[in-house]
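The figures that follow rest on heavy atoms only: side chains count, while hydrogens, waters and symmetry mates do not.
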Amino acid sequence: MSKKLKIGLFGFGVVGQGLHDIIKAQNLNLEIVKIAIKNPEKRRTLDAHLFTTSHDEILDNPEINTIVELIDDAEAAYTITKRALTSGKNVVSANKKMIATHLAELVQLQEENGTSLLYEGAVCGSIPIIRNLEEYYDNELLHGISGIFNGSSNYILSKIFNEGASYEAALKEAQDLGFAETNPILDVGGYDPKFKLTIATAHAYGLFLNPDKILNIGIQNLSDADIRYAKEKNYKIKLVPTTRKISTKQVITFVLPKFVKSDDFLYNVENEYNGVTVQAAFADKQFFFGKGAGGHPTGAAVLSDIAALRYDYRYEYKKYKQQNGLIHTDKVSLEVYLRYQHEYTVEKLQIENISERFSRNDYKYVIGNVSLKSLLENKDILVNKDVFIAQTGRITYSEQDIKAIAEEGILVN
């Protein structure tokens, strides 16, 4: 039998309202007792007595056994979640930055207090990737996970490549539709998909990584010249986070724009949709597709977590508890397209094996190999408005990479 959930909801924005709509449309064994909001003056369609501006009124209420946290402020979300878990309340959250930044501590809090934190809605909207990594792939050898994790940036890129919109016009449209924030750098700068990648890597490989150690380069410097180049080659540009096991003991992670070919699953993932490719040793390649933005799609993922709590579901973090000895590394090279203005950019990044080069006053680019370590060390160059970089091909290994990898484990093809 499922138990009755008495819910304290933090946040009543797009996702919070979407969740409320879904709950109201179904006969579920749960009740929203109180909703915490920031602005009490804002007109709302629900009974005013349902709302409060006091966090304590919810967190100290013994009747409430479940907290649903759907606010933007990562630090406030962390305070709410930590206090709730410590006091014996289960939590459902969609705050990917908060979870990615504090995951190791939050896992420990769950163990110490016998509580559960679920966050399917924090990663790829309506796609149930975390539950699948926890349950379906729990004993599978995963080679890698990559995809489109951010609906806002994908919407912008779709408008550019399918309708010929400018970057500025596509961004404004995404903002008007509520897919992108007023300050969109979290989305277009690759921070949002980086936080999601951090969480996915924890469940795929048992690695609790500091997001600051993961390279994230976005699409904010995309120019008309880059778009023309991609179209001439029959590519689309997508913002693609990647986590991949490169040896028996090493995992790499990064977020980069990527030139995607027509035979790639991601080529036809458009607008606010997300797509996740999982490459496994036995199950081979599998693809998940669904809406990654919007109140109802994300609200549906949040509701799935709430429903699971009725049956005392918890993440088991099986890969983490296996203590498999995996480590995070930067010992690989990537084939990239680099558009730049000054020659020292190519020299500073130490681009090697250049296979293509073009130079004129207003447009210069090279295609060659660069180490992930160099990209991490020179991120300040890569975010300069005169520079755009995109992955064009394979992950490769220099002789030095192979030697370093061999010291830790056996190379995985």
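Surrounding OH of Tyr167 are more than 12 heavy atoms belonging to other residues, nucleotides or ligands, all under 6.0 Å away. More than 12 heavy atoms of other residues, nucleotides or ligands shown are found within 6.0 angstrom of CG on Asn384. In the displayed structure, Lys379 atom NZ is contacted under 6.0 Å by more than 12 heavy atoms of other residues, nucleotides or ligands. For Lys97, the NZ atom counts as loosely surrounded, since its 6.0 Å shell holds 12 or fewer non-hydrogen atoms of other residues, nucleotides or ligands. Environment of NZ in Lys321: crowded, with over 12 heavy atoms of neighbouring residues, nucleotides or ligands closer than 6.0 Å. Shown here is Lys231, whose NZ atom has more than 12 heavy atoms of other residues, nucleotides or ligands within 6.0 Å.
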Table please: side-chain donor-acceptor pairs of residues 115-125 below 3.5 Å, with sequence neighbours left out.
{"from": "Thr115", "atom 1": "OG1", "to": "Leu85", "atom 2": "O", "distance (Å)": "3.3"}
{"from": "Ser116", "atom 1": "OG", "to": "Tyr313", "atom 2": "O", "distance (Å)": "3.0"}
{"from": "Tyr119", "atom 1": "OH", "to": "His203", "atom 2": "NE2", "distance (Å)": "2.7"}
{"from": "Tyr119", "atom 1": "OH", "to": "Tyr317", "atom 2": "OH", "distance (Å)": "2.8"}
{"from": "Glu120", "atom 1": "OE1", "to": "Arg131", "atom 2": "N", "distance (Å)": "2.8"}
{"from": "Glu120", "atom 1": "OE2", "to": "Ile129", "atom 2": "N", "distance (Å)": "3.0"}
{"from": "Glu120", "atom 1": "OE2", "to": "Ile130", "atom 2": "N", "distance (Å)": "2.9"}

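For the residue pair Thr201 / Thr243, a side-chain donor-acceptor distance below 3.5 Å is found, with atom types taken as modelled. A donor-acceptor contact closer than 3.5 angstrom is absent between the side chains of Asn154 and Glu272. No side-chain donor from either of Lys318 and Asn139 sits under 3.5 Å from a side-chain acceptor of the other. A donor and an acceptor atom, one from each side chain of Tyr337 and Asp226, are located under 3.5 Å apart. Side-chain atoms of Thr52 and Glu57 include a donor-acceptor pair closer than 3.5 Å. Residues Asn324 and Lys319 bring no donor and acceptor atom of their side chains to less than 3.5 Å of each other.
Rounding to the nearest 0.5 Å gives a distance of 10.0 Å between CG of Leu197 and CG of Asn216. The CG atom of Leu382 sits 7.0 Å away from atom CG of Leu215, with the distance rounded to the nearest 0.5 Å. The distance from the OG atom of Ser371 to the NZ atom of Lys331 is 11.5 Å, given to the nearest 0.5 Å. Put simply, OG1 on Thr345 and CD1 on Ile381 are 6.0 Å apart, with the number rounded to the nearest 0.5 Å. Atoms CG and CZ, on Asn274 and Phe288 in that order, are 13.0 Å from each other to the nearest 0.5 Å. Atoms CD1 and CG, on Ile217 and Leu376 in that order, are 8.5 Å from each other to the nearest 0.5 Å.
Of the charged side-chain nitrogens involved, at least one lies within less than 4.0 Å of a carboxylate oxygen, so that Asp312 and Lys3 count as a salt-bridged pair. Checked for salt-bridge contact, Lys196 and Asp192 meet the test: a charged N lies under 4.0 Å from a carboxylate O. Between Lys159 and Glu270 there is no salt bridge, since no side-chain N of the basic residue sits under 4.0 Å from a carboxylate O of the acidic one.
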### Stepwise side chain to side chain contact (heavy atoms under 4.5 Å, CB included) test for Leu5 and Asn29
CA-CA 7 Å; Leu5 298 188; Asn29 193 23; over 6 Å; no
### Task
For side chain to side chain contact (heavy atoms under 4.5 Å, CB included), just list the numbers for Glu343 and Lys364, CA-CA rounded to whole Å, side-chain angles, deciding distance to a tenth of an Å, and then say yes or no.
CA-CA 9 Å; Glu343 289 298 332; Lys364 299 177 183 178; 4.2 Å; yes
### Task
Report the C-alpha distance between Arg228 and Asp224 in whole Å, list the side-chain angles of each, state the deciding distance to 0.1 Å, and finish with yes or no for salt bridge (Lys or Arg N to Asp or Glu O under 4.0 Å).
CA-CA 6 Å; Arg228 281 196 304 272; Asp224 291 342; 5.2 Å; no
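At a threshold of 4.5 Å between non-hydrogen side-chain atoms, the residues Thr198 and Leu103 do not count as touching. In this structure the side chain of Ile99 never reaches within 4.5 angstrom of the side chain of Phe195, judged on heavy atoms. Between His102 and Lys82, the closest side-chain pair of non-hydrogen atoms is not below 4.5 Å. Side-chain contact check for Ile395 versus Phe254: some heavy-atom pair is nearer than 4.5 Å.
Ring centroid separation for the pair Phe259 and Tyr229 comes in under the 6.0 Å cut-off.
The two atoms that bring Ile145 and Ala204 nearest to each other are CD1-CB, 3.5 Å, heavy atoms only. Scanning both residues, Lys213 and His328, for their nearest heavy atoms gives O-CE1, 3.7 Å. Listed here is the closest heavy atom pair of Gly8 and Ile64: N-CG2, 3.4 Å. In terms of heavy-atom proximity, Thr253 sits nearest to Leu372 at O-CD2, 4.0 Å. Closest approach of Val91 and Ala84 over heavy atoms only: CG2-CB, 3.6 Å. The shortest non-hydrogen separation linking Leu222 to Phe388 is CD1-CZ, 3.7 Å.
Taking the six-membered ring for Trp and thresholds of 30 and 60 degrees, Phe289 and Tyr273 have nearly parallel ring planes, at less than 30 degrees apart. Aromatic ring orientation, Phe51 versus Phe12: perpendicular (interplanar angle above 60°, classes split at 30° and 60°).
Under the 3.5 Å distance criterion, the side-chain polar atoms of Asp73 are matched with a main-chain donor or acceptor of Glu75. In this structure, Arg83 contributes its side chain and Tyr78 its backbone to no donor-acceptor pair below 3.5 Å.
The only member of Lys89, Lys34, Lys6 that meets salt bridge (Lys or Arg N to Asp or Glu O under 4.0 Å) when paired with Glu63 is Lys6.
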